[in-house]
Each structure stands twice: as structure tokens, then as C-alpha cells.
Engineer: 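Handing you this structure, nothing more for now.
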Amino acid sequence: MSVLLDIDQLRTFIAIAETGSFTKAAEVVHKTQSAVSMQMKRLEERVGRAIFARDGRASRLTDEGDRLLDYARRIVKLNIEAMASLASAELSGRVRLGVPDDYADRYLPEIMARFSATHPNVELTVVCDPSTDLIDRIDTGDLDLAIITDCETMNRETEIIRREQLLWVGSTRHSLHLETPVPLALGRQTCNWRQEAISMLQSADRPFRILYTSSNSTAVSAAVLAGLAISVLPESGLRPGMRVLGPSDGFPTLAPCRIGLLRNRHEVSPLADALAHHIVQGLDNISEAAIAAE
């Protein structure tokens, strides 16, 4: 007789793998630590392999555990998709989504259209704020989901759903990249992209001055297009009239940026799960289209 894996045990297993401890995972899945330990004991009995190895206070996955984790994520994701598909017509209520404004105009139209078409009885509330503010609002329970970009607070609870190259950009009609010091338009001081840009220029001994600071991507892009400053943007943020600057222009290559999906761990919501599915699917479609275009 074949062994069937338990969805609830797999959810707990994933939480342990992502948080690195049974104690933190217990908070995520809303169970006692003893219940979590019992679930993992039964899961190991089901698969007939040890999936955890103790590493001090942390819980490290064995090779078998690493192999199971990939399957567990796919199984749980398919389970969510199946239940969301069957229940979509019955879902009603309100779901709250946070997204940085630099990604709102690029991603939101398709996501909102798809979600509204399959969940006509659901009210979608969208909040546009910098990622650091969105993380705070998730922590306080003001949001159900948040799309966030690279932050120091990105952790294992954040599901990375897209990666794209961070680029230096200037205006095609101006030659600001030749100026010394180079004028910059960047996000506010807590912005990770701002910190990356400054660090890279300092490492390259490239003089710079910060001319504009704004948490609004439209304002930053306007400064670039007007030929007033150089900035850093992800590939999806490029606009007509912008040129990409590289090492040959005196600008060092930047690290890729990550886009993550952060969920409200205090309140499990079928609406949030359904919206999360559309977000991941929408970003996957955009990513595939960009690859095909290249």
C-alpha cells in the first residue's frame, strides 16, 4: 500500500524549513511546539527517513529533507490552487494588498483584472507604500499580502517570486553620466537600492552627489527623463527615453533585485491565498514574456 503525505504535516514542515526552528514554526502554523514535534515525528515515519538534523538550537534539513522540501512546496501550492479554484465562486469579502509604487503600474493591472474576473464578489484594497512600510503594516495586521522589493528585513518567511537586474539609467537626450560628480536621484535613506548604488560608486571611487530624494518612483523617473539625474531601476522600471548605463560608462554592475511576497501570518485567509496565486501567476507570465521578447 502506498504512503500518502499529509498536507497539514507538509505545511508545518515547510514552516520549520523557512524559519529554521520548531519554536518559530509553531507560531507560524498556530500550533504548540509539542504538536509540531509530533507532526514531524509522524512525517518522518511516513517517509521512512530522517528529515531533520539538529544543529545547536537550529533545525537543519538532511539531504532527504531538502529533497522532500521541494515536493512539499509543490504539493501545498497545488492544494491551495485546487481549493481556490473550487471555492472561487463562493468567496466574498475584502482582501488588502500592499505594493511599492514602482511596481504598481507594471504589475497591478494584470493581477487586478485576473483576480476580479475569477472573484467578482471580493473587494480588493490596494495600498502603495515603500517596502519597509509595507512590512510594518504586515506585522501589525493592516495588510493581508504585500509585494516587497529587496529589504534587509527580507527573511525566510518571504516567498521570492521574481528576480530581475537592477540597472543604472539616464536620459537618452542628455550626457549626465559624463559629469563629475554625477548627480543622482534615489529613494529615501532606508531604500536598499539607494544603499547599493552609493556603495558601488564608493567602491569604484566615482564621485557623486545626491540631487533628488523621493520614495515615489514616478518622481525619480521624472528626474531621470528630464535629464537632471542618474538613478537605479529594475528592468521592469525602464521607460522610453531612458538609456541603460554600464561599466563602459563608468557605472559598476549592480546585483539583481528580488521581489518577494509577504503574508500576514497572524490571520490565515482563503482570499489572501487566492490573491497570492494570481500574483505569482501574473509575475510568472510577465517574466516569461520578457524572456521570450529577448
Side-chain angles (χ1 to χ4, degrees), residues 1-87 91 93 95-98 134-148 151-161 258 260-277 279-280:
M1 181 178 178
S2 59
V3 176
L4 297 178
L5 295 172
D6 182 270
I7 294 290
D8 194 42
Q9 291 175 1
L10 293 180
R11 283 181 180 272
T12 301
F13 169 60
I14 293 170
I16 296 170
E18 291 180 344
T19 62
S21 84
F22 279 51
T23 302
K24 292 179 181 178
E27 297 174 1
V28 172
V29 298
H30 305 289
K31 299 182 186 296
T32 64
Q33 187 171 346
S34 59
V36 167
S37 298
M38 181 58 69
Q39 276 194 313
M40 292 305 94
K41 179 181 178 182
R42 289 175 178 169
L43 181 57
E44 287 185 324
E45 291 173 352
R46 281 177 180 267
V47 300
R49 297 284 190 278
I51 56 178
F52 290 104
R54 287 292 179 180
D55 185 8
R57 293 185 178 182
S59 298
R60 180 174 56 83
L61 294 181
T62 63
D63 290 342
E64 289 78 8
D66 274 326
R67 195 176 309 127
L68 177 62
L69 181 60
D70 180 55
Y71 287 104
R73 284 176 169 149
R74 283 187 276 168
I75 291 170
V76 170
K77 181 180 178 182
L78 282 173
N79 179 72
I80 292 172
E81 290 179 3
M83 295 306 296
S85 176
L86 293 172
L91 288 177
V95 61
R96 302 160 299 174
L97 170 67
L134 295 177
I135 293 170
D136 290 339
R137 299 187 71 160
I138 281 284
D139 290 340
T140 58
D142 290 339
L143 294 173
D144 300 301
L145 287 170
I147 299 173
I148 62 173
C151 295
E152 291 181 0
T153 46
M154 241 189 207
N155 53 39
R156 293 187 179 184
E157 292 185 6
T158 306
E159 178 186 356
I160 306 302
I161 53 178
R258 300 170 300 169
L261 185 62
L262 195 59
R263 302 170 188 253
N264 183 342
R265 299 291 182 178
H266 306 293
E267 183 178 349
V268 178
S269 166
L271 291 178
D273 288 341
L275 178 57
H277 168 68
I279 290 171
V280 173

Engineer: Provide the closest heavy-atom pair for I138 versus A146 in the form atom of the first, atom of the second, distance.
Structural biologist: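 Nearest heavy atoms, I138 then A146: CG1-CB, 3.8 Å.
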Engineer: Would you find a donor on one side and an acceptor on the other, under 3.5 Å apart, between the side chain of T62 and the backbone of A50?
Structural biologist: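 Indeed, once roles are kept as given, a pair shorter than 3.5 Å links the two residues.
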Engineer: May I have all residue pairs that pass salt bridge (charged side-chain N to carboxylate O under 4.0 Å, His left out) and include part of residues 28-39, sequence neighbours excluded?
Structural biologist: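 Only D8-K31 qualify under salt bridge (charged side-chain N to carboxylate O under 4.0 Å, His left out).
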Engineer: State, to 0.1 Å, how close N264 and G141 come at their nearest heavy-atom pair, and which atoms those are.
Structural biologist: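 Heavy atoms of N264 and G141 come nearest at ND2-CA, 3.6 Å.
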Engineer: Is there side-chain contact between Q39 and R11, with heavy atoms separated by less than 4.5 Å?
Structural biologist: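 The answer is no; the side chains never approach within 4.5 Å.
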Engineer: Can you confirm whether L61 sits close enough to F52 that some side-chain heavy atom of one is under 4.5 Å from a side-chain heavy atom of the other?
Structural biologist: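 Result yes, sub-4.5 Å side-chain heavy-atom pair found.
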Engineer: In Å and rounded to the nearest 0.5 Å, what is the CG to NZ distance from D273 to K77?
Structural biologist: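 The CG atom of D273 sits 12.5 Å away from the NZ atom of K77.
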Engineer: Just verifying a value: how many Å separate T158 OG1 and L261 CG, rounded to the nearest 0.5 Å?
Structural biologist: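 T158 atom OG1 to L261 atom CG measures 8.5 Å (nearest 0.5 Å).
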Engineer: Quick one, L262 with L134, criterion side-chain contact (heavy atoms from CB on, under 4.5 Å). Give me CA distance, side-chain angles, the key distance, then yes/no.
Structural biologist: CA-CA 9 Å; L262 195 59; L134 295 177; over 6 Å; no
Engineer: Mind checking side-chain hydrogen bond (donor to acceptor under 3.5 Å, both in side chains) for D144 and listing every partner two or more places apart, or none if nothing turns up?
Structural biologist: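 Only R96 meet the side-chain hydrogen bond (donor to acceptor under 3.5 Å, both in side chains) criterion with D144.
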Engineer: So which pairs with a foot in residues 40-51 pass side-chain hydrogen bond (donor to acceptor under 3.5 Å, both in side chains), sequence neighbours left out?
Structural biologist: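 The answer is Q9-R46.
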Engineer: Going by the rule side-chain hydrogen bond (donor to acceptor under 3.5 Å, both in side chains), which residues pair with S37 if we only count those two or more places apart in sequence or in a different chain?
Structural biologist: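 Listed in chain order: nothing, the list is empty.
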Engineer: With sequence neighbours left out, write down each residue that passes side-chain contact (heavy atoms from CB on, under 4.5 Å) with A15, or none if nothing qualifies.
Structural biologist: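 Only A25, V28, V29 meet the side-chain contact (heavy atoms from CB on, under 4.5 Å) criterion with A15.
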Engineer: Provide the closest heavy-atom pair for F13 versus G65 in the form atom of the first, atom of the second, distance.
Structural biologist: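 Smallest heavy-atom distance, with atoms named: CZ-O, 3.4 Å.
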Engineer: The criterion is side-chain contact (heavy atoms from CB on, under 4.5 Å); which residues satisfy it with L5, sequence neighbours excluded?
Structural biologist: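 L5 satisfies side-chain contact (heavy atoms from CB on, under 4.5 Å) with L10, L43, V47, L68, I75 only.
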Engineer: Residues two or more places apart in sequence or in another chain: which of them pass side-chain contact (heavy atoms from CB on, under 4.5 Å) with L275?
Structural biologist: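 side-chain contact (heavy atoms from CB on, under 4.5 Å) list for L275, sorted by chain: V95, L97, I111, F115, L124, L145, I279.
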Engineer: Hey, what do you get for CZ (R67) to CD1 (I51), rounding to the nearest 0.5 Å?
Structural biologist: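 It is 12.5 Å, given to the nearest 0.5 Å.
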Engineer: With sequence neighbours left out, what residues match D142 under side-chain hydrogen bond (donor to acceptor under 3.5 Å, both in side chains)?
Structural biologist: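 D142 satisfies side-chain hydrogen bond (donor to acceptor under 3.5 Å, both in side chains) with T140 once adjacent residues are dropped.
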Engineer: Enter the distance from I160:CD1 to I148:CD1 here, rounded to the nearest 0.5 Å.
Structural biologist: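 Reported value, rounded in 0.5 Å steps: 7.5 Å.
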Engineer: Could you go step by step and tell me if E159 and R263 meet the side-chain contact (heavy atoms from CB on, under 4.5 Å) rule?
Structural biologist: CA-CA 9 Å; E159 178 186 356; R263 302 170 188 253; 3.7 Å; yes
Engineer: What distance do D70 atom CG and I14 atom CD1 have between them, rounded to the nearest 0.5 Å?
Structural biologist: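 Those atoms lie 10.0 Å apart.
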Engineer: Return the set of residues passing side-chain hydrogen bond (donor to acceptor under 3.5 Å, both in side chains) with E27 (not counting sequence neighbours), or none when no residue passes.
Structural biologist: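 With neighbours one apart ignored, the set is empty.
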Engineer: For T32, enumerate each residue passing the side-chain contact (heavy atoms from CB on, under 4.5 Å) test, keeping only those at least two apart in sequence or located in another chain.
Structural biologist: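 Counting only residues at least two positions away or on another chain, T32 forms a side-chain contact (heavy atoms from CB on, under 4.5 Å) with S34, A35.
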